[in-house]
Amino acid sequence: MHSRGFLTQMKTFLAISKKNARIRKLSYNNNNIPFIHFYEKVTGSRLEESVLPELQKKHPNILKLSKEDIQYILQILQKFDISAEQACSDPHLFSMNPISMENYGVILKECQFTSIIPKYIIRYHTIVKSKTICQLKRDGILKQNFNLQEVLYEFFRALPQNQKVNNNFEDDKTNVVTVRMSVLERFLSWKLGISNDEFKKYLRNYLPMRHRPYEDILESLRIAENDIKFNADVIRRNGFIISADPVNTKLILENVGTLAGLDVREAMKLEPAIIKNNYQSLMQIKEILKEYNINDEAQYRCLRVFCMQPRSVRERLEHLSSLKEYSILSTNSRMLYMVVHEKKMINRLNKIQEAQKQCYSFNLLVSSNKIFNSFLNGFGAKVCGNDVGAYISASLNSRRLTMQAVLAKLKRHKYWLHTALDVIADNIQTLKRDFSDDVIFDNCQILLYPRLEIQKHLNYLIKLRKGEPISTESTLDASYNNMDFSRLTDSQILSLVLYEMEKGYHFSGDGIWDKSDGRSEQSKVVNSS
């Protein structure tokens, strides 16, 4: 009977559709569209080709279902004694999110509906929110002599009897959701000390809570307290822990293993929002970070990356990798903040460029708006210093080298805070071709200067040391006349390069300004004021 009714419905839809010439006919083979094969096998009736356009229009995802998808849905429906034949009479079931469909069915079962049929699951929201309990009793969905509040309290057996407040709900003025949330709030108030305002915030911010079965909520709390070891205060502050899908949480604990080198439970304690992500997504993010050689320390400093979707992580890393700044900033242990806050980072890098600032810092990119705006309106920023020191320390390998030692040398330069990290990185890469890390460290102030200026003086002095002919006119003053250039050490060469670059500026430090960047002397004066 259900099959004939469905065919009649489809034929009616077809008659209407024929009036629209744009409807495209679909040709099919029941062997390559699993739902059609399934439907015809269950009902014994063939779906005519002419029915497919309207079927596709009304249930767009139904023709995309795989055999596995259909079997999964049927397994869920069997929990509520809904047969395959009944499901075929209401094909919208196959278009629903399976997890939501299961939750709806379980909630109706918890509320002791007299029966659970496809129509009730499909119209779940109407039944639990728009209809009063009185209407549900009149329609035979709930029993006449039935107190929903008393039935729901039975799910929270740990709740003392004297804590089970009777709200005296009137059947003709109350719906199922109101009663369910009232009972849940009473339980959470007793167990976690949650206030009425906090509970309202949960319902406003964590939408799944209204329509999460009690059995799931109790299991989520059990896992949170006993397996992950969240304390009551953490759970209270993060209501999403209460409404988390316990099946997904178990899969995370069983399959993910570690995040950022930590046991996944420890990672969750530091960043509870990880519990909201799908366990497969966490596995994919781990692989993406491994692919981009992002170490455990960087992951540990920004566990929030594991709260994102894998596709977003990959897209943002691909985009950031194309930026010259990324190659420098990626050495920072907090580099994953660039991924989590990509839009903010890019926006600030653009503002720094527009303001013709020479120096940018990771700390500035993640700082408050007040600090960042002060940097834009000022000249240099001390917050850049740690980034400069950290980058040089990470780039050079010397037993004597620490960030503090680097900063002690750099601070002797008047304008040490005004050189961009990419300039320093370029200089390190260039000097490493001919000089040891120890020599570069001893003369690290040279890293603040424009590469072309360094290269010009460096080439000249190296040729003199090798005794090679100099094609250009000498720029050296008379004080060099008695010098034996062949005996110069690498460290002395770099010291002389620094001396030559500053000589024309009366050793004021002004030699760090790059003349090739197109900025006028006037702009430098304005910026330094």
Side-chain angles (χ1 to χ4, degrees), residues 102-114 116 124-125 127-129 131-137 141-247 249-250 268-269 272 275-276:
E102 182 173 13
N103 286 343
Y104 298 163
V106 172
I107 289 172
L108 300 182
K109 195 172 184 178
E110 289 178 346
C111 293
Q112 293 190 8
F113 276 40
T114 54
I116 300 175
Y124 164 83
H125 286 282
I127 289 174
V128 300
K129 292 193 297 186
K131 286 185 175 290
T132 64
I133 292 175
C134 184
Q135 289 174 316
L136 296 178
K137 287 181 177 181
I141 298 174
L142 291 175
K143 296 176 183 178
Q144 288 296 327
N145 298 322
F146 179 76
N147 188 310
L148 180 59
Q149 189 176 41
E150 290 180 2
V151 168
L152 294 178
Y153 269 130
E154 291 301 313
F155 285 91
F156 303 106
R157 295 178 181 176
L159 182 65
Q161 191 63 37
N162 62 1
Q163 294 291 327
K164 297 178 181 179
V165 177
N166 186 349
N167 296 93
N168 296 314
F169 291 118
E170 297 181 28
D171 286 355
D172 60 345
K173 296 179 181 179
T174 313
N175 61 30
V176 170
V177 170
T178 299
V179 181
R180 287 191 75 252
M181 293 302 100
S182 172
V183 171
L184 177 61
E185 180 183 0
R186 189 65 205 142
F187 171 73
L188 295 177
S189 174
W190 166 77
K191 184 172 181 61
L192 301 172
I194 290 171
S195 68
N196 179 256
D197 287 341
E198 286 175 317
F199 188 74
K200 288 179 179 178
K201 181 181 177 182
Y202 294 166
L203 298 184
R204 186 170 61 250
N205 296 336
Y206 313 125
L207 298 180
M209 189 172 291
R210 288 185 186 273
H211 308 292
R212 182 74 73 190
Y214 285 166
E215 64 178 42
D216 281 5
I217 289 174
L218 288 169
E219 181 64 3
S220 292
L221 286 171
R222 187 197 66 76
I223 295 171
E225 292 177 322
N226 300 335
D227 295 347
I228 305 175
K229 306 296 184 183
F230 285 133
N231 61 42
D233 187 54
V234 170
I235 298 173
R236 188 170 58 249
R237 289 199 314 268
N238 301 282
F240 52 78
I241 295 174
I242 301 169
S243 60
D245 179 1
V247 174
T249 305
K250 288 177 183 177
M268 283 180 171
K269 288 180 185 177
I275 203 171
K276 294 192 290 184

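- Residue pairs satisfying the ring pair (Phe, Tyr, Trp, His ring centres under 6.0 Å) criterion with at least one member in residues 156-182, sequence neighbours excluded, are listed as follows: Phe156-Phe187, Phe156-Tyr214.
- Here Ile141 contributes atom CD1 and Leu108 contributes atom CG; the two are 9.0 Å apart, rounded to the nearest 0.5 Å.
- Annotation: side chain of Lys164 is not in contact with side chain of Arg186 (no heavy-atom distance under 4.5 Å).
- Taken from CG in Asp245 to NZ in Lys250, the straight-line distance is 10.0 Å, to the nearest 0.5 Å.
- Residues Trp190 and Pro160 meet the side-chain proximity criterion, which asks for heavy atoms closer than 4.5 Å.
- Glu225 is linked by a salt bridge (charged side-chain N to carboxylate O under 4.0 Å, His left out) to Lys191, counting only residues two or more places apart in sequence or in another chain.
- Tyr202 and Tyr206 have tilted rings, their planes meeting at an angle from 30° to 60° on a 0 to 90° scale.
- Here the closest heavy-atom approach between residue Asn147 and residue Glu150 is recorded as OD1-N, 3.1 Å.
- Residues satisfying the salt bridge (charged side-chain N to carboxylate O under 4.0 Å, His left out) criterion with Lys137, sequence neighbours excluded, are Asp171.
- Remark: Asn166 pairs with Gln149, Asn168 by the side-chain contact (heavy atoms from CB on, under 4.5 Å) rule, at least two apart or across chains.
- Put simply, the side chain of Cys111 reaches to within 4.5 Å of the side chain of Leu148, judged on heavy atoms.
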Donor-acceptor pairs under 3.5 angstrom involving side-chain atoms of residues 176-185: please list them, not counting sequence neighbours.
{"residue": "Thr178", "atom": "OG1", "partner": "Asn175", "partner atom": "OD1", "Å": "2.7"}
{"residue": "Arg180", "atom": "NH1", "partner": "Arg210", "partner atom": "O", "Å": "3.1"}
{"residue": "Arg180", "atom": "NH2", "partner": "Arg212", "partner atom": "O", "Å": "3.2"}
{"residue": "Ser182", "atom": "OG", "partner": "Asn167", "partner atom": "OD1", "Å": "3.0"}
{"residue": "Glu185", "atom": "OE2", "partner": "Asn196", "partner atom": "ND2", "Å": "2.8"}

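- Contact record, Gln135 with Lys131: OE1-CA, 3.2 Å, taken as the closest heavy-atom pair.
- Within the 3.5 Å criterion, the main-chain N or O of Thr174 finds no donor-acceptor partner in the side chain of Thr132.
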Which atom pairs, donor and acceptor, lie under 3.5 Å between side-chain atoms of residues 234-242 and protein residues at least two apart or in another chain?
{"residue": "Arg236", "atom": "NH1", "partner": "Leu192", "partner atom": "O", "Å": "2.8"}
{"residue": "Arg236", "atom": "NH2", "partner": "Asp233", "partner atom": "OD1", "Å": "2.8"}
{"residue": "Arg237", "atom": "NH1", "partner": "Asp233", "partner atom": "OD2", "Å": "2.3"}
{"residue": "Asn238", "atom": "ND2", "partner": "Val234", "partner atom": "O", "Å": "2.8"}

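- Other residues, nucleotides and ligands contribute more than 12 heavy atoms inside 6.0 Å of the CG atom of Asn162.
- Taken from NZ in Lys109 to CD in Glu102, the straight-line distance is 10.5 Å, to the nearest 0.5 Å.
- The two atoms that bring Ser220 and Pro246 nearest to each other are OG-CD, 3.5 Å, heavy atoms only.
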key: Intermediate values then yes/no, side chain to side chain contact (heavy atoms under 4.5 Å, CB included), Tyr153 and Val165   = CA-CA 10 Å; Tyr153 269 130; Val165 177; 4.2 Å; yes

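- With respect to the salt-bridge test (charged N to carboxylate O, under 4.0 angstrom), the residues Glu219 and Arg222 qualify.
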Open item on the list: As a quick check of understanding, evaluate side chain to side chain contact (heavy atoms under 4.5 Å, CB included) for Leu142 and Gln112, giving each step before the final call.
Closed with: CA-CA 7 Å; Leu142 291 175; Gln112 293 190 8; 5.7 Å; no

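- Remark: Leu159 CG to Glu154 CD distance equals 10.5 Å, nearest 0.5 Å.
- Relative ring orientation between Tyr124 and His211 is described as perpendicular, the plane-to-plane angle rising above 60° on a 0-90° scale split at 30° and 60°.
- Expressed to the nearest 0.5 Å, how far OG of Ser195 lies from CG of Leu188 amounts to 11.0 Å.
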